[in-house]
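The structure appears below as structure tokens.
Heavy-atom basis, side chains included; hydrogens, waters and symmetry copies ignored. A quick note: this is a predicted structure, and the numbers were derived from the prediction, not measured. In what follows, every chain begins at residue 1, and chains take the letters A, B, ... in the order their sequences are listed.
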Amino acid sequence: MTNSEKQQYIDARREYIESQFSHLNPKQREAVMATEGALLILAGAGSGKTTVLINRIANLMRFGHASDSDVLPAGASPSDVDVMRSGGKQADLFAALEPVMPWRILAITFTNKAAEELKNRLQMMLGDAARDIWASTFHSCCVRILRRDAARIGYPDNFTIYDTSDSQSLIKQIMKDLNIDEKRFAPRAVLAEISKAKDQEISGQDYLQTYRKMGDQWHATIGEIYIEYVKRMVSVGAMDFDDLIANTVKLLDANEESRRYWAGKFQYVMIDEYQDTNNLQYRLAALLSSEWHNICVVGDDDQSIYRFRGATIENILSFEQQYKGARVIRLEENYRSTKHILEASNAVIRNNRGRKGKELWTRADEGEKLQLYSAMNENDEAQYVAARILEHYSQGRRWKDHAILYRMNAQSNQMENACKRNGIPYRIIGGTRFFDRAEVKDMVAYLAVLNNPEDDLRLTRIINNPPRGIGAKTVETATELARRDGVSLFSVIDNVRMYPELDRSAGKLAQFTTLIKELDTLRQNLPLNQFYEELMVRTGYASMLESKNTVEDRTRLENIRELLTSINGYLENAGDQPSLAGFLDEIALYTDLDNHDADQDCVVMMTMHSAKGLEFPVVFVVGTEEGIFPGTRAIGEPEEMEEERRLCYVAMTRAKEKLFLTCANQRMLFGRTSANRPSRFVEEIPSEHLERAGRTFLDRSSDWDGGIPSRSSGYESSYGSYGTYAARSPYDQRPQFRGSATGQSGFSTSFTRAMGSGNPAPSGGAYAPQRPKHTLASSGVKSAQAAAPDFKKGDMVKHKAFGQGMILSVQKMGGDALVEIAFDNVGTKRLMLKSAASHMTKV
DNA sequence: ATCATAACGCTTTTT
DNA sequence: GCGTTATGAT
């Protein structure tokens, strides 16, 4: 072909491929078609980043590197050009240039959920071929690599994975053995420090030496713990989360053969959420792309929220320096949020320095202004949120359209209660994970010991659980003997006869090892699920729980049975070769986020961190107060503060249509009541995007800059805007409270007391005395109480959210009552009367 | 050895 | 306020 024919071929090919991605915007398409070399995609919130990733993979599998190459396929002829131009059936054939095999594509995400979503969407688009794409998290990718190559770095291939609490137990043990005071060295902090050192690839020896030289005793001690920690981890064949990545990096670094194998395998490497990678993850990405040099990273520097665990925003800020010749594509069109939401978010994040700088825009409508509700206290705040949700529900929204986001898991309680008493179905994501429950950990420990008997930590956990007369003293001596002889704990108790020191408990220990061996035989001969049922019985764990028969033990029993469900789930998915080891891997890397089932019609509650990557029509960001969000730790620390602000940006940009921000003037947290001013982030939102309700604390006239305001100044300043609050209060829709600002506070107060949630303030307590008398503080309380007895058994009612129904029963509970109502459409619900009354009328 | 009670301290955020 | 752990009693 002539040069011009060649050019025509290339142009026609590019045009054809472009036409296959015409549903994307130009920037997105550019990112999809730039397949070769290093590529940084700066993808703002809601800019369709997953879509780009998926289409990019589709492009690779369909067309190979054709969209980004001037190479012609062998046997190309001018007539092919016409086929491509016409877009006929054969066009793909001529346009494709070495299509990429799915298993040569690696797409790394941050969470299992994101990986799962990626897999699902790929499968929808590409069919079964998508199954072979390596779409996984950093951690599970490393597990897969290490399961093959662990021997090369001195680990058994059945190595065990320790989660954070396992690691912490080990740290505690070590500190006990080394006589280190837990008060001066918080195990948490020690672990964090070790993790940091690992991320920097500093060995225990180097760490210790450096700090010894500097005369830094505190760090030197940590160095000692670090060394011992690594030693014990290796000796029991365990890796923690950091080790999974660190050891993979070590492997690829030190073992040329391994590196060539893995880096040679992955022709295209893609990393999502690149702004959240730490040094080790950066290194891993570099190593895995070191043969083909096709690395595409996607991220948003404004959404970097994992600095606390070593994520360095530098990775994304300096990508272009690290990968010479890298291309950069910015995706700035937002498809998620309305203008008010987006511009408010932009305004907040603009206060950060140290960012690449980017302004999201949208074609969407103005939408509604953000709502700021300044509540009296945490109960009032929760009640406000619940009331809004009920209101939306009655207007036709689904429960699952709503998300409640908070800074820390501890805040979920009040919200949970508010949902409960209003009959709102909800789900909490995160918090104590299922696999963190003691009884589940116990059962998992049995499994872990069977999988790897060297696992001393797990062995000590279960050796006397359920109680079998093996006391702490016995375990202690056995552990010492094991250490003395350099063998595992299991081998000591397995050979009790050789240890006269253990004479007295030899019988009990022998019984235990017999049990373990029996179980091991069963394990080899039964499918995993059946084996597990045997395990529950033979260990005596199930009967231990059954015999006690308390409510807690009942749930515990349910929980260990629930583990069976997990096993069955694993067996269904594992396909090829299910194994105990495989199951343990899976649950070690599992988090509660993963089973967030978007189909369930429930209000979702989670931390702002967990919310990353999700979107909801209605979002409530609660607890927007100085000291909570931003947290105390961030105040006075510019870097931390920027991280908090990014978190705020993440939280705000989750909302598609409605965004509510709430704060409380007074809040009980950790058993202490405190008065916080509203978050600075809220003040950073231009007022044209904001509507305020509640006791607005935001008038800048007040003089609280000196820190926490004195009681009286705080309440006085809030008082000035009280009228506004009354007019906008959701409660002014309730006839019995209309026109009375204090009606609501009285309601809250009496409610708080009724629920016995421990507000130490007496009725009309801490804040009431500051109130002028004419505000009817007491009559507000009365009206709340008067409202309650209006509903009685047999009454027909109409509820704003649930429609018509009949009251089945009214049960007095404290100053409130529990009503059971059979609704015509949504079934029977149990509601707290005082909350429900405001949404109900008699018919 | 196991149970009960009391003191403790502690809260970011997650793989 | 919570759950965890240290202590002492049975």
Looking only at B/dT13, B/dT15, B/dT2, the nucleotide nearest the A/P467 side chain is B/dT2
| query | Is any NZ, NE, NH1 or NH2 atom of the basic residue among A/K113 and A/E116 found under 4.0 Å from an Asp or Glu carboxylate oxygen of the other? | reply | no
Students often get this wrong, so: under 4.0 angstrom with heavy atoms, is A/S140 touching a base, only sugar-phosphate, or nothing?
nothing
Is any side-chain nitrogen or oxygen of A/N112 closer than 4.0 Å to OP1 or OP2 of B/dT14? no
Rounded to whole Å, OH of A/Y406 lies from P of B/dT14 at a distance of 9 Å
To the nearest angstrom, the CD1-P distance between A/I428 and B/dT13 comes to 13 Å
Do you see a donor-acceptor pair shorter than 3.5 Å between the side chains of A/D243 and A/Y162? no
**Asked** At under 4.0 Å between heavy atoms, what does A/E640 touch on the DNA or RNA strands: base, sugar-phosphate, or nothing?
**Response** base
B/dT14 phosphate, OP1 or OP2: any side-chain N/O from A/T607 under 4.0 angstrom? yes
**Prompt:** Is A/D163 touching bases, backbone alone, or none of the nucleic acid, heavy atoms closer than 4.0 Å?
**Reply:** nothing
- prompt: Does OP1 or OP2 of B/dT13 have a side-chain N or O of A/N409 closer than 4.0 Å?
  reply: yes
Here the distance between atom C1' of B/dT13 and atom CE of A/M606, to the nearest Å, is 14 Å
From CG of A/D272 across to C1' of B/dT14 the rounded distance in Å is 16 Å
If you look at every strand shown and take non-hydrogen atoms under 4.0 Å, does A/R188 touch a base, only sugar-phosphate, or nothing?
sugar-phosphate
With a 4.0 Å limit, can you tell me whether A/S610 has a side-chain N or O closer than that to the phosphate oxygens OP1/OP2 of B/dT14? yes
Just by distance, no angles: are the side chains of A/Q281 and A/N278 close enough, under 3.5 Å, to form a donor-acceptor pair? yes
A/H609 has its side chain closest, among B/dT14, B/dT15, B/dT2, to B/dT14
Looking at A/K49 and A/D300, is there a salt bridge between them, counting it only when a charged N and a carboxylate O are closer than 4.0 Å? no
_Under 4.0 Å, heavy atoms only, any strand: does A/F110 hit a base, just the sugar-phosphate, or nothing?_
sugar-phosphate
No-hydrogen, no-angle side-chain donor-acceptor test under 3.5 Å, A/D240 and A/Y229
yes
Quick note, A/T111 side chain, CB onward, closest among B/dT13, C/dT5, B/dT15 is B/dT15
In whole angstroms, the gap separating C1' of B/dT13 from CD1 of A/I305 amounts to 8 Å
Whole-Å distance, A/K198 NZ to B/dT15 P, equals 18 Å
Taken to the nearest whole Å, CG/A/L146 to C1'/B/dT15 is 15 Å
Measure the distance between the ring centre of A/F308 and the centre of the six-membered base ring of B/dT13, then answer whether it is under 5.5 Å with planes under 30°. yes
* To do: Report yes or no: do A/Q275 and A/E273 form a side-chain donor-acceptor pair below 3.5 Å?
  => yes
In whole angstroms, the gap separating P of B/dT2 from CE of A/M544 amounts to 11 Å
